[in-house]
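Fair warning: this is a prediction, and the values are worked out from it, not measured in the lab.
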Amino acid sequence: MASLSLKHIYKKYPGGVTAVSDFCLEIKDKEFLVLVGPSGCGKSTTLRMIAGLEEISEGELFIGDTLVNDIVPKDRDIAMVFQNYALYPHMTVYENMAFGLKLRKTPKEEIKRRVEEAAKILDISPLLDRKPKAMSGGQKQRVALGRAIVRQPKVFLLDEPLSNLDAKLRASMRTELTKLHQRLGTTFIYVTHDQTEAMTMATRIVVMKDGLIQQVDTPQNLYDFPVNMFVAGFIGTPQMNFITAKLTKKENDLYLNFGTNSIKLPADKANNPALKEYIDQEVVMGVRPECVMEDEAHLAVLQDSTIDASVEVTELMGSEIFLYLGFDGMEDATNGKNIIARVSARSTARTGHQIKVAFDTTRMHIFDKDTERCICH
């Protein structure tokens, strides 16, 4: 198996367009690494440079101890699974899966063994005589995975492989891919714009924006300790609420003020030296929807961070309800949006109701308004 090392990788196109800038990353052997970010952030370009399908403009790429910048794709010992499956329509499933091995002049018996073994792992043994047009999207995706598995590569590269599937099939395929990674014990590098896929499958996530790495960490650390507003807003569904507020000091306590609302910060944040530099300045407070509470138990405990709000829209999600709330100072919320509270399905709050909500300030994030970097968690 193989680790990968990307050292100061750049991808520059004619005309001065830089798709990827100074990409530095060590990918461990057997890791499931996910590159995530909005469309056009450079994640697929990075994957294609690893595959050898895009030339590296600057920097060095090592697979194991081997510098592979000038090594052609077929000699890099990697396998790539594409978004559109890329199956040969005139070949059967067996022939599609065996094609790469035939090109390498692998003995027929070895090809048969590997194809049947991969088909068994992916539960597509009954499909080996079918052609792609007679299969569903999920079945085609399994065949594309099977074609990669039979090659027994050091590294699997997957470029948005589930984006063409419906929601239910995507969820089941996420589980199958996680099981497959555990079973094969191979390095997986996976590209997606879907942060749910990233959170559920990755051992580590690389969040990208405009060709630059924003943060690399485990899914839970990205969620709990985002380094900036972009990562905080990108990871998590619904996204984090952002409200511009003025930080003020009264005696030994710090408060966040927006509209007519004033929220007292807990002692650990009030004593944070980094935050004290922002007193009497505007900052951005970030609070996740599940940290906006409207039940009586939390309102009783969190009296220092309670505000009045109006319920403008409710979305029943089955096991929970999303409340879209208006409040005094709402113009200071990100893009003038409402704040979203994620509450129990037992909530009695309905559209048009006036309610009180409390913020869990122990899990609140505070960001620099100009740089958008996180000041404290």
Show, in sequence, the C-alpha distance, side-chain angles and deciding distance for Leu61 and Lys7, and conclude whether the side-chain contact (heavy atoms from CB on, under 4.5 Å) test is met.
CA-CA 6 Å; Leu61 171 61; Lys7 299 182 178 182; over 6 Å; no
Passes salt bridge (charged side-chain N to carboxylate O under 4.0 Å, His left out), Glu110 versus Arg113? Steps please.
CA-CA 5 Å; Glu110 177 67 7; Arg113 183 188 68 78; 2.8 Å; yes
For Lys356 and Glu294, what are the C-alpha separation, side-chain angles and deciding distance, and is it a salt bridge (charged side-chain N to carboxylate O under 4.0 Å, His left out)?
CA-CA 6 Å; Lys356 288 187 180 294; Glu294 53 89 55; over 6 Å; no
Please determine whether salt bridge (charged side-chain N to carboxylate O under 4.0 Å, His left out) holds for the pair Arg342 and Glu320, giving the CA-CA distance in whole Å, both sets of side-chain angles, and the decisive distance to 0.1 Å.
CA-CA 7 Å; Arg342 185 181 200 158; Glu320 59 195 5; 3.1 Å; yes
Might you work through the side-chain contact (heavy atoms from CB on, under 4.5 Å) test for Phe62 and Leu6, ending with a clear yes or no?
CA-CA 7 Å; Phe62 290 85; Leu6 293 89; over 6 Å; no
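Panel note: side chain Ser344, backbone Arg346; a donor-acceptor pair is recorded below 3.5 Å. His353 places a side-chain N or O within 3.5 Å of a backbone atom of Arg350 that can act as its donor or acceptor partner. Thr18 places no side-chain N or O within 3.5 Å of a backbone atom of Val20 that could act as its donor or acceptor partner. A donor-acceptor pair is defined here as one N or O able to donate and one able to accept, closer than 3.5 Å; no such pair exists between the side chain of Asp77 and the backbone of Pro153. The backbone N or O of Pro38 sits nowhere less than 3.5 Å from a side-chain atom of Lys209 that would complete a donor-acceptor pair. A donor-acceptor pair is defined here as one N or O able to donate and one able to accept, closer than 3.5 Å; such a pair exists between the side chain of Thr46 and the backbone of Gly42. For the pair Ser3 (side chain) and Asp29 (backbone), a donor-acceptor distance under 3.5 Å is absent. At distances below 3.5 Å, at least one donor-acceptor pair connects side-chain atoms of Gln303 with backbone N or O atoms of Ala300. Within the 3.5 Å criterion, the main-chain N or O of Asp370 finds a donor-acceptor partner in the side chain of Asp368. Proximity of a side-chain donor or acceptor of Asn228 to a complementary backbone N or O of Glu372 within less than 3.5 Å is not detected.
The two atoms that bring Phe242 and Gly233 nearest to each other are CZ-N, 3.8 Å, heavy atoms only. Smallest separation of non-hydrogen atoms from Met364 and Lys269: O-CE, 3.0 Å. When all heavy atoms of Val283 and Leu247 are compared, the pair lying nearest together is CG2-CB, 4.5 Å.
With no hydrogens or angles considered, a side-chain donor-acceptor pair links Thr362 and Asp360 at under 3.5 Å. There is a side-chain donor-acceptor pair under 3.5 Å between Asn338 and Glu312. Remark: the Ser125 side chain and the Glu116 side chain contain no N/O donor-acceptor pair separated by less than 3.5 Å. For Gln195 and Thr237, the side-chain atoms include at least one donor-acceptor pair closer than 3.5 Å. Asp129 and Thr92 are not linked by any side-chain donor-acceptor pair at a separation below 3.5 angstrom, with hydrogens and angles left out of the test. With no hydrogens or angles considered, a side-chain donor-acceptor pair links Glu26 and Ser5 at under 3.5 Å. In this structure, a donor-acceptor pair under 3.5 Å is present between the side chains of Arg174 and Thr200. Looking only at atom types and distance, the side chain of Glu197 has a donor-acceptor partner in the side chain of Tyr190 under 3.5 Å away. Side chain to side chain, Asn69 and Glu60 fail the donor-acceptor criterion of an N or O pair below 3.5 Å.
Taking the ring axis of Phe258 as reference, the NZ or CZ atom of Lys246 does not stay both within 45° of it and closer than 6.0 Å to the ring centre. Annotation: cation-pi geometry not satisfied between Arg288 and Phe359 (NZ/CZ under 6.0 angstrom from ring centroid, within 45° of ring axis). Cation-pi geometry between Lys276 and Tyr278 is not met at under 6.0 angstrom from the ring centre and within 45 degrees of the axis.
The hydrophobic clustering, which links ILVMFWY residues whose side-chain heavy atoms are closer than 4.5 Å, places Val191 and Leu157 together. Grouping the Ile, Leu, Val, Met, Phe, Trp and Tyr side chains by contacts below 4.5 angstrom, directly or via other members, places Ile355 apart from Leu302.
For an aromatic pair to be called close, the ring centres must be under 6.0 Å apart, and Tyr10 with Phe23 fails this.
By the 30° and 60° cut-offs, the orientation of the rings of Phe234 relative to Phe230 is parallel. Relative ring orientation between Phe188 and Phe32 is described as tilted, the plane-to-plane angle lying within the 30° to 60° band.
Listed by chain and number, the residues in a side chain to side chain contact (heavy atoms under 4.5 Å, CB included) with Asp217 are Gln215, Asn221, Leu222 (sequence neighbours excluded).
Within a 6.0 Å sphere centred on CD of Gln152, heavy atoms belonging to other residues, nucleotides or ligands number more than 12. Heavy atoms of other residues, nucleotides or ligands lying less than 6.0 angstrom from CG of Asp123 number 12 at most. By the 6.0 Å contact criterion, CG on Asp65 is open, its count of non-hydrogen atoms from other residues, nucleotides or ligands being 12 or less.
Cluster partners of Phe322 are Val313, Met317, Tyr324, Ile340, counting Ile, Leu, Val, Met, Phe, Trp and Tyr whose side-chain heavy atoms approach within less than 4.5 Å, directly or via other members.
Tested against Leu254, the residues Thr248, Ile279, Asn272 include a single side-chain contact (heavy atoms from CB on, under 4.5 Å) partner, Ile279.
Summarising the geometry, atom CE belonging to Met173 is positioned 10.5 Å from atom OG1 belonging to Thr178; distances are rounded to the nearest 0.5 Å.
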Compile the donor-acceptor pairs under 3.5 Å between side chains in residues 141-148 and protein atoms, sequence neighbours left out, one pair per line.
{"residue": "Gln141", "atom": "NE2", "partner": "Pro161", "partner atom": "O", "Å": "2.2"}
{"residue": "Arg142", "atom": "NH1", "partner": "Leu122", "partner atom": "O", "Å": "2.9"}
{"residue": "Arg147", "atom": "NH1", "partner": "Ala86", "partner atom": "O", "Å": "2.8"}
{"residue": "Arg147", "atom": "NH2", "partner": "Tyr85", "partner atom": "O", "Å": "2.9"}
{"residue": "Arg147", "atom": "NH2", "partner": "Ala86", "partner atom": "O", "Å": "3.2"}

